[in-house]
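Working notes, beginning with the structure itself.
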Amino acid sequence: MENKSQISTILIATLILCFVCSVSFAAIGCELNDPDRDIQKIFPQSTGYKTDYFTIQEKGGEKLKKEVEEKLGDAFDPIYESLDVPYSYYTILKGKDVIGYVHGVNQKGTYGTLQIILATDPDGKIMGFYYQKVSSPEALKFRDKAFTDKFIGLTLEDFYKYGDPNGKIAAIKDPSQKSQEDFKATIRGTKKNLILLDTFLLNKKHEGSYKGVRNDEYK
Amino acid sequence: MTKIPLLTILMLISISNAALASDSLFYKELNLIGGHSRQNGWVGHTQELSNSVGFEHYAKFSSDYGDFLTTDLQIRGAYDPNQPFSDAISCEIHNAWAEYRASNTIKIKVGHFEPAYGLGQIIDVHSTILQLLTMENIGYTKDWGVELRGSASGFDYWVALQLGSGMSIRRLDSSYLFSARIGTPAGRDFQYGVSALCGNVLDTEGMSTFPKNHLLSDEAIQKERIGFDCVYNWNSFVLKGEADFGVNSNNSVIGYLMEADYTPPKNQNWEFAAQFKSFVNDLGSSRTDDSKLSLGLTYRLSQTTKISAAFTHDLNQYHQPRDTEFLVQFYYYGK
């Protein structure tokens, strides 16, 4: 009798919970390990932050995926870049005012995941760049401030001009000796990060600067 | 008393769906596990994992000035094929907590969560066959209580006071668990920490919250520990280590774990793991250790689905015959 009562309690609780919950997402793409510490470091004047989650599935599905792939100049990796994986976006506040954003992406590297975190101003200009995770024998060279500071001041428009030999991206040199693929992956991940920011939060502000990209950029 | 967890769940869910919630994530989970044990024949569960369906609901709450509250609720409906049907179904509450962000350096958590001790504080093993030393050290992986989490220049710290009861809510024989850990900030390639705990911990068996898991004794075990743990992300390897020393009632105990995980660069869907862990139950007597060698293999079908296999071999067991086990797991966690 007691068992029947316990099973009924379990079933009722499960049913209630299943009906009450309604929003559906998948595993998180890349979120900050320690948002308070990281945000304070990049935005010392901030007084708080607000976290939002977006998925490509929710924001446009297969059509949006194709659009982002076209702008990126490369197809998504099924393990690292599935449609239903939520991306975390941190809106940085000073009082009630928005002073910037922090957002990260997972990018396939030669030895595993690269987690590329960008801090931008409200217009999407990079104010901070760092790897939360970098699996590479030359990780120290990639994490070196002399390299990461080269991304500061760049915008999505600069990445859309990736193929321009006189462009700002061409001026960034690979810091490694033998990890050229990880350098290319860093550029790809940073561009993807900015495209997703533009799509999810900036209302496609940089759409006008997109003139098409070569399809062999990351080959 | 038995209704308190249910009320907690409903309260957390209600809060999560209220207009205040700025954003939330809902994951569905399916865990299928089975294998063969030399001692027990065909098995359908491990100490920590059962065949189960469940969900996790994670929510952030914010005002115009930013996030101030995070909640997490993770529940599994588990089925144990080795039990008669009336005892085979259970409800496991894993995470059920709310964390208030008092400032950018101080958070206060209430509910069901990991004790502030060892690698379990920084590594999530809720879906893996290879587990850490938490079960051997404490007797369970999560407990009900409150925690203060803070960060200072160069280190993070956690201090928790819990019931000492594990999965189910009980308080007998003045049970409690006080734990604390201080360690390097998350996200570094090399992370390490020092932990300590003391308390009167109830000896239970099983992961069930409803009905309550089995209480093996009405008397709590007095436990004291101090431990060191570390994780090193090195190229395609993740190396983990933990060593603990302390007392269980009148016996001095020691535990240690070493694990190496490897992801082949050219086939990043695959992961190999090798683990050795040992827990000596009475340092004053010989052959009182529970020592186990495990080899694991995981293949990721996608970002949300994986298939794992593990071979575990007991090098010694204190209270029971040595066993050799082979397990296979299908795990889904996503939309």
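Because the structure is predicted, anything quoted here is derived from the model rather than measured.
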Would you find a donor on one side and an acceptor on the other, under 3.5 Å apart, between the side chain of B:Gln268 and the backbone of A:Gly109?
-> yes

Do the side chain of B:Asp64 and the main chain of A:Lys96 share a donor and acceptor less than 3.5 angstrom apart?
-> no

In terms of heavy-atom contacts, does [atom1] of [X] have more than 12 from other residues, nucleotides or ligands at under 6.0 Å?
X: A:Arg143; atom1: CZ; answer: yes
X: B:Phe190; atom1: CZ; answer: yes
X: A:Lys125; atom1: NZ; answer: no
X: A:Leu140; atom1: CG; answer: no
X: B:Gln83; atom1: CD; answer: yes

Can you tell me how far [atom2] of [Y] sits from [atom1] of [X], rounded to the nearest 0.5 angstrom?
X: A:Asp52; Y: B:Ser62; atom1: CG; atom2: OG; answer: 7.0 Å
X: B:Leu25; Y: A:Ser88; atom1: CG; atom2: OG; answer: 7.0 Å
X: B:Asp156; Y: A:Asp34; atom1: CG; atom2: CG; answer: 5.5 Å
X: B:Lys60; Y: A:Tyr49; atom1: NZ; atom2: OH; answer: 5.5 Å

Region of [X] in contact with chain B, defined by heavy-atom distances below 4.5 Å:
X: A:Tyr90; answer: neither
X: A:Glu138; answer: neither
X: A:Ile79; answer: both

Flag the one option from [options] with the top tally of heavy-atom pairs under 4.5 Å to chain A.
options: B:Leu301, B:Asp189, B:Thr105, B:Thr70; value: B:Asp189
options: B:Arg101, B:Arg300, B:Lys107, B:Glu56; value: B:Arg101
options: B:Pro185, B:Pro264, B:Ser302, B:Ser103; value: B:Pro185

Measure across A:Tyr111 and B:Ser236 and return the closest heavy-atom pair with its distance rounded to 0.1 Å.
-> O-OG, 3.1 Å

Compare every heavy atom of A:Arg37 with every heavy atom of B:Ser151, then report the nearest pair and how far apart it is.
-> CB-NH2, 3.2 Å

Does a salt bridge link B:Arg149 with A:Asp36, judged by any charged N lying under 4.0 Å from a carboxylate O?
-> no

Region of [X] that comes under 4.5 Å of a non-hydrogen atom in chain A:
X: B:Arg188; answer: neither
X: B:Asn269; answer: side chain
X: B:Ala88; answer: neither

Checked A:Ile92, A:Thr47, A:Thr51 vs chain B; the most non-hydrogen pairs under 4.5 Å come from A:Thr51

Top contributor to chain B contacts, counting heavy-atom pairs under 4.5 Å, from A:Ala139, A:Ser135, A:Gly112 = A:Gly112

Looking at side-chain heavy atoms only, is the closest gap between B:Gln191 and A:Asn33 below 4.5 Å?
-> no

